[in-house]
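Proteins come first, then strands; the chains are lettered A, B, ... in the order of their sequence lines, and each starts at number 1.
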Amino acid sequence: MLGTYYYHEILRKTVVGFGTLFNNIELKRYNAAGDVVEALKVPLSYGPTQKFLARIQQQADLTARDVAITLPRMSFEITGLQYDQTRKASPLKYISADKDANNKTKQYLPVPYNVNFEMSIYAKNQDDGLQIIEQILPYFQPSFNITLKMVPDIDEKRDVAIVLNNIGYRDEYEGDFQKRTVIVWTLQFTAKTYLFGPTSDSSIIRTAIADIYGTTDRATARREITYTVVPKATTDQNNDGVVNAADTALLQDFDDEDFGFSTSVTYNGF
Amino acid sequence: MATQKSTYFPAYGGATSEQGLAQDLVDEHIKIHGSTVYYLPRTLNNVDNLFHEATTSSFTSAVQIEMYMKSYDKFDGLQDDTITQFGLRNNDALTFVVSKRRWQEEFDGNFAGQLADDRPAEGDLIYFPLTKGLFEIKYVEHQTDMYQLGDFYSYELRCELFEFADEEIETGVAEIDAIELEQAAAIKLIMDPGGTGDFTVGEEVVGDEFLAVAVANLSAGSISSFVITDGGAHYKTATPPSVTITAPPTSGGLNLFNTSTSTGTYTNTTGTGYTSGTYTTTNLTGTGSGAIATVSDVDNNGGLSVSGGDLVFTLNNRGTGYSAGDILRIDGGDNNAYVRIVSILVTRPATATATVSASGIVSDITITDPGLGYQVTPTVTIDYSPKDNRAEVKSWNSSTRELQVINRTGVFTTAETVTGLTSGARWSPESYDQTLALNNTNSTYDQSLTIETESDNIIDFTEVNPFGEF
């Protein structure tokens, strides 16, 4: 029943949109006199990775000079999905857009889903971590909206609220000297995104025909009158000074153009 | 009644001579079975006394010393690298043993600012050339010998691979300093065509966005005033920038000369056989040196003409150490032209100091010495503003004009010229390509650019991203 293939990459787009918010965080270090001695961009990555790729990409040369890791780093990942019934829309309504001159693309309203993200910040110093955190938190009150181009077929853009739910902090400084000090900030976010179903295309209705019958007895009823309605130009499309059939032939986009209708009635001999 | 040890023997066992023997044996063992490593003392550049942390550190020396690798059959700690949410992590750990006496010979009081004078310090680094690993000392165990013969003879250093957070590593050992070049956060700039020179790896570069500029006015060979054409910005009143003025010609150089008739036995004052060109000179009297004559015209016999300006000593070719009355031979031709020095240059470099206004602009330059003997207007150079962007060159490709830098202090703009302080190379960024600067070029972990590129067709930023330029 479900098997109509479609893939709008909306979850992927949500991941990219979320990541874009944090891919330009800068960090500065100061000397004792308060002068900047270094400014650096904080590396950001989507956390989950295929292990073999991580190994061959991040440690391709096994004989290279080595350190344990470079810090600071930021990482984020999806931690879950939930249906958001508070944003539920009518399942019967749909959005449509022109596919071309003769066809429309139609899609039913999307289903609201919340995507949970966890953003983690790993710093060597308290000061590094606090600089990063302070550059993020003020923008979430508690949400920040980004606009995503969800479904290109219907040119559908949606505001996606990124909500900051919770902030965790871990500073493991206790224990023996060989246990590393680890400073990790963990920010929990919810991205209020929308999942769209498949789209469908249909031709534009250019002629409407209504047959009128004299009785409801379908076995004996005769079609007595036929109404036919077609679009008719009301403006001079070809700029020849007159509005006529030639102008009607030029009507293309019925959404935007001003047009009327021609109605013809056929009496079927009663 | 408590039993006491005989007072004829040391209280805790071991005479000094025995302890010395034990130390000798330990030292010898480490020298035979150990490895030579580099020890890097840490210098704390800025300590946050509230959070109890060193926010910036540097390692500017590396001393070779032998250590025994106690972890002889494998690394300590987790045996394999691990995948974390922050990428790959190398967990190698090692335990080194170093002689207590050898340590003190190499380090006790030898390095100003090291964390501990008389023992290895936690936080210092050890570079192990065999594995090319840079290890941080996590803990120094000084009691592993457990008072054998009443003393200790070694330190046990428990180490893990260093977590690198852009600490400065400038030890002078190329193999170690390369770690900073490879691992430090780096960005790439594309420079505008038309620059000059080539940047060298490791040199400091500085932009001139906030640089003050001034020119000097010259009067009778001395500086009479300065005109500040650009006051710059972000200078500090308490620490005004230095002002450097190019020096006049060296004092003692040849100034005025003629073909005096009192040339003694040197009767031919104009000489023969010369043509236009430059000629070295030889003293016939006096102790000066270095004067080089420029001949622009000669008579039919190739004789020099002194009075018409056809024989001159240009500004940089007047030599040094001459005295009035010295006679010089113009080498070349028939070696028979002579000049007699009438007077020599008496010069003195000018000096000046800058004054910075409360708003951080260079508002005045005060002449402290107007100098003497300037032949042409000198060049005035005001030191860079503290806020001018600085960085260290990671790499430079003159073909593609790509400059990668680490340890930058800010964002270079297209309006400034970036100068190499060692090479003198001068190039301007072609465009501050935010996309290029977004990515840490040193990191295979960083996906900032990938995310940015992928978002180009997804994000509809009708308003500016408040988190940055994007």
Review point. Are B:Arg158 and A:Asp176 within salt-bridge range, i.e. N to O under 4.0 Å?
Key: no
Practice item. Measure distances from A:Arg55 to the heavy atoms of chain B and classify the residue's part below 4.5 Å as side chain, backbone, both or neither. Key: both
**Study point:** Ionic contact status for A:Lys124 with B:Glu167, cut-off 4.0 Å
**Key:** yes
**Study point:** NZ or CZ of A:Arg73 within 45° of B:Tyr445 ring axis and under 6.0 Å
**Key:** yes
Point to revise | Heavy-atom proximity to chain B below 4.5 Å, by part of A:Asp35 | key: side chain
Practice item. Could you look at A:Met150 and say if it's the side chain, the backbone, both or neither that has a heavy atom under 4.5 Å from chain B? Key: neither
Review point. At what distance, to the nearest 0.5 angstrom, does NZ of A:Lys28 lie from OG1 of B:Thr409?
Key: 8.5 Å
Check your understanding: Using non-hydrogen atoms only, which part of A:Lys13 is less than 4.5 Å away from chain B: side chain, backbone, both, or neither?
Key -> both
Point to revise | Winner by heavy-atom pair count (cut-off under 4.5 Å) against chain A, out of B:Asn90, B:Asn389, B:Ile406, B:Thr84 | key: B:Asn90
Review point. So what's closer than 4.5 Å to chain A heavy atoms on B:Thr56: side chain, backbone, both or neither?
Key: side chain
**Study point:** Chi angles and distances behind the side-chain contact (heavy atoms from CB on, under 4.5 Å) call for A:Ile69, B:Glu163
**Key:** CA-CA 5 Å; A:Ile69 195 170; B:Glu163 286 182 336; 3.9 Å; yes
**Study point:** Partner chain A: residue of B:Asp166, B:Ile179, B:Leu134, B:Asn407 with the largest heavy-atom pair count (under 4.5 Å)
**Key:** B:Asp166
Exercise for review: Any pair with a residue in residues 57-76 of chain A that passes ring-ring contact (aromatic ring centres under 6.0 Å, His included), sequence neighbours left out, goes on the list, sorted by first then second residue, please.
Suggested key: A:Phe18-A:Phe76, A:Tyr46-A:Phe76
Check your understanding: Measuring heavy-atom distances to chain B, does A:Glu26 have an atom under 4.5 Å in its side chain, in its backbone, in both, or in neither?
Key -> side chain
Review point. In terms of side-chain heavy atoms, does B:Glu53 have a donor or acceptor partner in A:Tyr173 at a distance below 3.5 Å?
Key: no
Study note, to complete from the structure: If you tally heavy-atom pairs under 4.5 Å between each of B:Glu122, B:His52, B:Lys138 and chain A, the highest tally belongs to B:Lys138
Point to revise | Structural part of A:Ser45 lying under 4.5 Å from a heavy atom of chain B | key: both
Review point. Which bit of A:Ile10 is near chain B, if near means a heavy-atom gap under 4.5 Å: side chain, backbone, both or neither?
Key: neither
Review point. How would you list, by chain and number, every residue that makes a side chain to side chain donor-acceptor pair (under 3.5 Å) with A:Gln188, sequence neighbours excluded?
Key: A:Glu118
